[in-house]
Participant: 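Could you have a look at this structure, given as structure tokens, before my questions?
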Amino acid sequence: MKIGIIGSGYVGLVAGACLAESGNDVVCADIDEDKVARLNAGEIPIYEPGLEPLIERNLAVGRLTFTTDVPSAVRASHVVFIAVGTPADEDGSADLQHVLAVAKTIGQSMDSEKIVITKSTVPVGTARRVRQAIEAETDHPVHVCSNPEFLKEGAAIDDFMKPDRVVIGVDSEYAARVLRELYDPFVRTGRSIMIMDVSAAEITKYAANAMLATRISFMNSIARLCEATGAEVDAVRRGVGSDSRIGSSFLFPGVGYGGSCFPKDVQALAKTMRDFGVDASILQAVEDVNESQKKVLLERVVERLGDDLSGRTIAVWGLAFKPNTDDMREAPSLVTIEGLLERGARVVAHDPVAMDEARHYLGDRIEYAKTNYDALQDAHALVIHTEWQPYRSPDFPRMREAMANPLILDGRNLYDPSDMAGHGFEYVSIGRAVVGVGTPDGEA
Ligand SMILES: NC(=O)c1ccc[n+]([C@@H]2O[C@H](COP(=O)([O-])OP(=O)(O)OC[C@H]3O[C@@H](n4cnc5c(N)ncnc54)[C@H](O)[C@@H]3O)[C@@H](O)[C@H]2O)c1
């Protein structure tokens with residue numbers, strides 16, 4: 001099939017590479033000239049495990065091409081995906097300017113019947129606006145569908161190649177048939193292609209992300225109760241998650257959700273609900289809990305080391321909002337680091353892949369360490385933000401020796417508290433008892 005993908009970010013690149021891998025001719029278009037030049041030179045602008053060889057292979061055989069010429073990509077394709085960004089607008093709604101600009105370009109460029117699919121996360125009703133924008137420019141027939149993307153950054157290739165399900169909202173039998181054919185190679189193990197009406201598909205994406213964000217905020221609230229009562233959150237998590245009606249995933253407490261999707265999607269869904277006169281207080285609570293949870297590590301540093309952190313060095317392990325990505329959008333680490341810098345601390349950070357990306361946000365206001373152990377030199381505290389694999393079994397005696405003060409604030413519950421006192425640390429984690437030096441009052 002001839003496929004055009006407009007927008008070559010995380011979603012467009014992954015979709016383009018995977019659809020090319022299954023034998024389609026795919027042209028990925030983007031208005032970012034620098035990005036397209038790098039892609040044509042075989043350089044991948046994002047860190048995503050497995051993406052590079054897929055792009056290299058399909059570029060080499062000519063099944064995948066990159067261009068800045070959006071109109072020619074539209075003309076060369078029968079199926080056109082819109083995969084541009086939908087950032088939060090000032091009022092929390094999804095900013096549709098890029099989606100609608102692409103729709104207009106599609107309409108202006110069309111020279112035959114097309115199937116146009118919004119893969120960007122867009123509020124219910126957007127497909128109708130996309131259709132209007134296209135039909136204002138052309139008389140050629142167009143089918144407008146919604147095919148929300150559920151990939152997880154860090155596992156995006158696997159998620160696309162072996163999706164839990166494919167959700168497709170269609171406006172015609174013909175579009176349903178074509179999209180089924182396109183996705184059939186990805187669901188051979190029995191996963192389903194769910195064909196539904198366009199509005200249901202648009203709502204499904206937001207509902208799924210909002211549900212996951214709700215689980216996170218809910219467990220972070222339960223973790224606060226555990227801290228207040230001395231209960232162990234891990235036991236509660238296991239007890240709750242073993243209920244088959246609930247399931248065990250997305251029940252880990254932490255430093256709050258971040259990334260390019262959950263924060264903006266929770267806000268946008270709440271805005272849509274309010275616009276339709278539906279009570280959105282549940283989502284407001286999810287967001288409020290998350291905002292407060294993002295401050296938890298900073299508060300705990302201040303409780304122990306005081307509000308004036310001048311002369312203090314704080315090590316940070318993990319900058320990305322989650323492991324296996326260099327994405328820093330809405331990363332909770334930024335909240336902690338900005339708070340530390342405001343209070344005069346010297347911050348030395350390490351992340352296995354996100355340090356280049358972090359420089360766009362933090363510049364040289366912090367120091368970037370070559371290794372996670374280098375970051376600890378003379379540190380008065382270590383703050384852990386991202387559960388990268390190499391941080392899980394570190395050399396504790398080496399850490400203890402490097403640090404000026406043996407204080408670890410672990411936002412990801414990586415270590416067993418009962419071991420940490422033995423290693424000579426004061427160890428503060430989420431929803432679990434504080435152990436080690438200075439407990440119970442926590443004075444380091
Ligand atoms: N990143 C994720 O994990 C993820 C997962 C599921 C869904 N989504 C959704 O997919 C959409 C895209 O997200 P992303 O993370 O890939 O965004 P991104 O910011 O990484 O990429 C968007 C790309 O679109 C390009 N673009 C903008 N306007 C354009 C135009 N008029 N013509 C051509 N290209 C244009 C930009 O230059 C950029 O390269 C969003 O709606 C997002 O919510 C993202």
Side-chain angles (χ1 to χ4, degrees), residues 4-18 27-39 44-49 51 66-74 77 80-89 93-109 116-123 126-127 130 133 146-160 163-164 166-167 201-202 204-210 212-213 257-269 320-322 324-331 357 360:
I5 300 195
I6 317 301
S8 305
Y10 269 92
V11 168
L13 275 182
V14 170
C18 293
V27 49
C28 286
D30 202 291
I31 47 171
D32 183 335
E33 288 180 10
D34 179 53
K35 188 180 269 189
V36 171
R38 288 170 67 190
L39 284 163
I44 314 303
I46 53 170
Y47 175 84
E48 183 59 46
L51 181 60
F66 296 102
T67 181
T68 53
D69 185 350
V70 178
S72 79
V74 171
S77 312
V80 181
F81 284 92
I82 302 176
V84 295
T86 47
D89 220 336
S93 60
D95 179 351
L96 294 177
Q97 60 166 315
H98 304 300
V99 170
L100 295 175
V102 172
K104 185 174 180 179
T105 308
I106 292 172
Q108 288 168 342
S109 323
V116 174
I117 302 155
T118 47
K119 198 166 236 334
S120 302
T121 302
V122 291
T126 301
V130 166
S146 163
N147 169 220
E149 182 50 61
F150 295 94
L151 62 78
K152 300 183 288 295
E153 287 178 16
I157 304 298
D158 243 24
D159 287 344
F160 198 97
D164 286 344
V166 177
V167 168
E202 289 173 332
T204 299
K205 172 63 193 175
Y206 279 106
N209 272 3
L212 294 170
Y257 58 77
S260 68
C261 292
F262 287 3
K264 77 171 175 61
D265 291 352
V266 168
Q267 278 181 28
L269 180 58
F321 82 97
K322 67 174 183 178
N324 298 320
T325 180
D326 62 351
D327 201 336
M328 287 294 298
R329 290 179 279 188
E330 302 279 337
E357 194 56 29
H360 297 306

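Counting from 1, the numbers follow the sequence of the chain as shown. Ligands are counted one by one from 1 in listed order, and the atoms in each one are counted from 1 as well.
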Participant: May I ask whether K152 has any heavy atom positioned less than 4.0 angstrom from an atom of ligand 1?
Facilitator: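 For ligand 1, residue contact (heavy atoms, under 4.0 Å) with K152 is absent.
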
Participant: Heavy-atom contacts with G85 under 4.0 Å: which atoms of ligand 1 show up? List them by number with element.
Facilitator: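 So the atoms of ligand 1 that pass are 22 (C).
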
Participant: Where does Q97 meet ligand 1, judged by heavy-atom distances below 4.0 Å: at the side chain, the backbone, both, or neither?
Facilitator: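 Contact part for Q97 vs ligand 1: neither.
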
Participant: How long is the span from the CD1 atom in I5 to the CD1 atom in I82, to the nearest 0.5 Å?
Facilitator: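 Here the interatomic distance stands at 12.0 Å.
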
Participant: Could you please spell out the steps behind the side chain to side chain contact (heavy atoms under 4.5 Å, CB included) verdict for Y47 and E357?
Facilitator: CA-CA 10 Å; Y47 175 84; E357 194 56 29; over 6 Å; no

Participant: Where is the tightest heavy-atom contact between V122 and E202, given as atom of each residue plus distance?
Facilitator: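 Closest heavy-atom pair between V122 and E202: O-CB, 3.9 Å.
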
Participant: Return the closest protein heavy atom for atom 8 (N) of ligand 1 as residue, atom name and distance.
Facilitator: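 Result: V11 CG2, 3.5 Å.
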
Participant: Are any of the N/O atoms in K264 less than 3.5 Å from those in ligand 1?
Facilitator: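 There is such a contact, yes.
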
Participant: Please test F150 against V167 for side chain to side chain contact (heavy atoms under 4.5 Å, CB included), starting from the C-alpha separation and ending with a verdict.
Facilitator: CA-CA 9 Å; F150 295 94; V167 168; 3.8 Å; yes

Participant: Can you tell me how far apart CG (D34) and CG (L39) are? Round to the nearest 0.5 Å.
Facilitator: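 Here the rounded value is 9.5 Å.
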
Participant: What is the nearest protein non-hydrogen atom to atom 6 (C) of ligand 1, stated with its residue, atom name and distance?
Facilitator: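 So the nearest neighbour among protein heavy atoms is E149 O, 3.1 Å.
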
Participant: Distance under 4.0 Å to a non-hydrogen atom of E153: what atoms of ligand 1 satisfy this?
Facilitator: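 Close to E153: 1 (N), 2 (C), 3 (O).
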
Participant: Given 3.5 Å as the limit, does a donor-acceptor pair link the side chain of S77 with the main chain of A73, or not?
Facilitator: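 Side chain of S77 to backbone of A73, a donor-acceptor pair under 3.5 Å: yes, one is there.
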
Participant: Out of D30, V14, L39, V84, who gets a non-hydrogen atom closest to atom 12 (C) of ligand 1?
Facilitator: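 Nearest option to atom 12 (C) of ligand 1, by heavy atoms: V84.
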
Participant: Among the heavy atoms of E48, does any lie under 4.0 Å from an atom of ligand 1?
Facilitator: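 No heavy atom of E48 comes that close to ligand 1.
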
Participant: So if I count the atoms of ligand 1 from 1 in the order they appear, which ones are less than 4.0 Å from some heavy atom of S120?
Facilitator: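 So the answer, numbered in order with elements, is 10 (O), 11 (C), 41 (O).
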
Participant: Give yes or no for whether the N/O distance cutoff of 3.5 Å, strictly under, is met between K35 and ligand 1.
Facilitator: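 Between K35 and ligand 1, an N or O pair is found under 3.5 Å apart.
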
Participant: For ligand 1, which atoms sit closer than 4.0 Å to a heavy atom of V102?
Facilitator: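 Heavy-atom distances to V102 below 4.0 Å select 30 (C), 31 (N), 32 (N).
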
Participant: With a cut-off of 4.0 Å, which atoms of ligand 1 are near a heavy atom of S260?
Facilitator: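 Heavy-atom distances to S260 below 4.0 Å select 1 (N), 2 (C).
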
Participant: Counting each atom of ligand 1 from 1 as listed, which ones have a heavy atom of G9 under 4.0 Å away?
Facilitator: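 Atoms satisfying the 4.0 Å criterion: 16 (O), 18 (P), 20 (O), 21 (O), 23 (C), 39 (O).
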
Participant: Taking all non-hydrogen atoms of both residues, which atom of D30 and which atom of S8 are closest, and how far apart?
Facilitator: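 Result for this residue pair: OD2-N, 2.6 Å.
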
Participant: Could you work out, with side-chain hydrogen bond (donor to acceptor under 3.5 Å, both in side chains) as the rule, every residue matching Q267, not counting sequence neighbours?
Facilitator: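 With sequence neighbours excluded, Q267 shows a side-chain hydrogen bond (donor to acceptor under 3.5 Å, both in side chains) to E287, given in chain and number order.
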
Participant: As an exercise, state the distance from CG of D158 to CG of L151, rounded to the nearest 0.5 Å.
Facilitator: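 Going from the CG atom of D158 to the CG atom of L151 covers 11.5 Å.
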
Participant: Hey, does K205 come in under 3.5 Å of ligand 1, counting only N/O atoms on both sides?
Facilitator: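 There is no such contact.
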
Participant: Spell out, as yes or no, whether a donor-acceptor pair under 3.5 Å connects the side chain of E48 to the backbone of A156.
Facilitator: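 Answer holds: yes.
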
Participant: What protein heavy atom is closest to atom 17 (O) of ligand 1, reported as residue, atom name and distance in Å?
Facilitator: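 The closest one turns out to be R329 NH1, 4.1 Å.
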
Participant: Under 4.5 Å between any side-chain heavy atoms of Y257 and E330, yes or no?
Facilitator: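 Counting from C-beta outward, Y257 and E330 never come under 4.5 Å.
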
Participant: At a 4.0 Å threshold, what atoms of ligand 1 neighbour a non-hydrogen atom of D32?
Facilitator: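 In order of number, 37 (O).
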
Participant: Of the listed options (I6, D95, T86, L151), which comes nearest to atom 41 (O) of ligand 1 when hydrogens are ignored and any heavy atom counts?
Facilitator: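 Going through I6, D95, T86, L151 one by one, T86 has the nearest heavy atom to atom 41 (O) of ligand 1.
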
Participant: Applying a heavy-atom cut-off of 4.0 Å, say which part of A83 lies close to ligand 1: side chain, backbone, both or neither.
Facilitator: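 The backbone, only.
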
Participant: Can you tell me the protein heavy atom closest to atom 34 (N) of ligand 1 and the distance?
Facilitator: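 Nearest neighbour among protein heavy atoms for atom 34 (N) of ligand 1, to 0.1 Å: I31 N, 3.5 Å.
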
Participant: Does the side chain of L13 come within less than 4.5 Å of P45's, by heavy atoms?
Facilitator: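 Side-chain contact under 4.5 Å: yes.
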
Participant: Closest heavy-atom contact between C18 and F160?
Facilitator: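 For C18 and F160, the tightest heavy-atom pair comes out as CB-CD2, 3.2 Å.
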
Participant: If we only count N/O pairs under 3.5 Å, is T121 in contact with ligand 1?
Facilitator: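 Yes, T121 has an N/O under 3.5 Å of an N/O on ligand 1.
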
